[in-house]
> 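Got a structure for you, questions after.
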Amino acid sequence: MRAISRILSLLTLLSLSLSSCREPSNGFSILSNDRASEDGGYCFAVELTDSTARYVTFIAARFDAKMIENTELNTFPLNITVSSPNGELAAESIRLPIGTVEGKVRIGRQLGGTMDIEWPYRDNVRISGNQAGRWKVTLRPSDKNLTKYLIGLGFSYKKH
């Protein structure tokens, strides 16, 4: 009986430690810092194949909760590069708010001292038939000092 109790306790501890590594909701692909490229880019493959659909996209970041809360940062500057299946490139720099903005930004605390923040990125994204296929989205933090707070970046999309 004592052995069963120990095994159950061990399983409980194991499940708690694994839950701290879970991905945010909404089907995000999270890439940790060790998966970033040498230039600091986090690259995501996005399959946009339905030219009749409208898509909505999201960006997520996982931060060290204690470190990000103790900073005076109120935005997260990010460079985004998008490459179409045809090889066309588009790039932009944005600043995402750190904190809630009228319910548009979702913040969740995870076990293990991390904080996930999810931002809406683009809404009503449509593609034409010749643009259907695998797109590449690369996210790069603009401020290299943020890497000490950042644990990983994520990207998600879904049909409306």
> As an exercise, state the distance from CZ of R95 to CZ of F76, rounded to the nearest 0.5 Å.
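Interatomic distance, R95 CZ to F76 CZ, rounded to 0.5 Å: 10.5 Å.
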> What verdict does the side chain to side chain contact (heavy atoms under 4.5 Å, CB included) test give for V46 and V137, after you've listed the backbone C-alpha separation in whole Å, the side-chain angles of each residue and the deciding distance to 0.1 Å?
CA-CA 7 Å; V46 179; V137 176; 3.8 Å; yes
> Between atom CG of L89 and atom OG1 of T81, what is the distance when rounded to the nearest 0.5 Å?
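Going from CG on L89 over to OG1 on T81, the span is 7.5 Å.
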> CZ/F63 to CG/L150 distance, rounded to the nearest 0.5 angstrom?
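F63 CZ to L150 CG: 5.5 Å, rounded to 0.5 Å.
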> Answer with yes or no whether the side chains of T52 and D50 bring together a donor and an acceptor at under 3.5 Å.
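Side-chain D/A pair, D50 to T52: present.
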> Applying side chain to side chain donor-acceptor pair (under 3.5 Å) to S84 and N86, what does each step give before you reach the verdict?
CA-CA 5 Å; S84 74; N86 312 358; 4.6 Å; no
> Test side chain to side chain contact (heavy atoms under 4.5 Å, CB included) on R140 and T138 and set out the steps.
CA-CA 7 Å; R140 277 185 193 82; T138 304; 3.4 Å; yes
> Atom CE in M115, atom CD1 in I98: separation rounded to 0.5 Å?
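Between atom CE of M115 and atom CD1 of I98 there are 9.0 Å.
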> How close do Q131 and R126 get, heavy atom to heavy atom, and via which atoms?
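The pair with the smallest heavy-atom distance is OE1-O, 4.5 Å.
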> Transitively linked via ILVMFWY side-chain contacts under 4.5 Å: I59 with I151?
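Different clusters.
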> Just by modelled atom types, is the P97 backbone N or O under 3.5 Å from a matching donor or acceptor in the W119 side chain?
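The answer is yes, because a donor-acceptor pair under 3.5 Å joins these two groups.
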> Do H160 and D123 have side chains that get closer than 4.5 Å, going by heavy atoms?
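A side-chain contact exists here, since the closest heavy-atom pair is under 4.5 Å.
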> Of the non-hydrogen atoms in F58 and P120, which two are nearest, and what is the gap between them?
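Closest heavy-atom pair between F58 and P120: CD2-CA, 3.7 Å.
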> Could you tell me the separation between the CZ atom of F155 and the SG atom of C43, rounded to the nearest 0.5 Å?
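Nearest 0.5 Å value for the CZ-SG distance: 11.0 Å.
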> List the steps and the verdict of side chain to side chain contact (heavy atoms under 4.5 Å, CB included) for L96 and I94.
CA-CA 6 Å; L96 300 167; I94 62 173; 3.7 Å; yes
> Looking at E92 and R122, is any side-chain nitrogen of the basic one under 4.0 Å from a carboxylate oxygen of the acidic one?
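Salt bridge between R122 and E92, a charged N being under 4.0 Å from a carboxylate O: yes.
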> What is the distance from atom OG of S83 to atom CZ of R134, rounded to the nearest 0.5 Å?
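Reported to 0.5 Å precision, the distance equals 12.0 Å.
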> Which heavy-atom pair separates G129 from S51 by the least distance, and what is that distance?
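Nearest heavy atoms, G129 then S51: N-CB, 3.9 Å.
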> Test side chain to side chain contact (heavy atoms under 4.5 Å, CB included) on V56 and N124; report intermediate values, then the result.
CA-CA 6 Å; V56 60; N124 291 318; over 6 Å; no
> Determine whether the aromatic ring centres of residues Y121 and Y157 are separated by less than 6.0 angstrom.
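Distance test on ring centres: not under 6.0 Å, no.
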> Just to verify, what does E88 make a salt bridge (Lys or Arg N to Asp or Glu O under 4.0 Å) with, not counting sequence neighbours?
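Salt bridge (Lys or Arg N to Asp or Glu O under 4.0 Å) list for E88, sorted by chain: empty.
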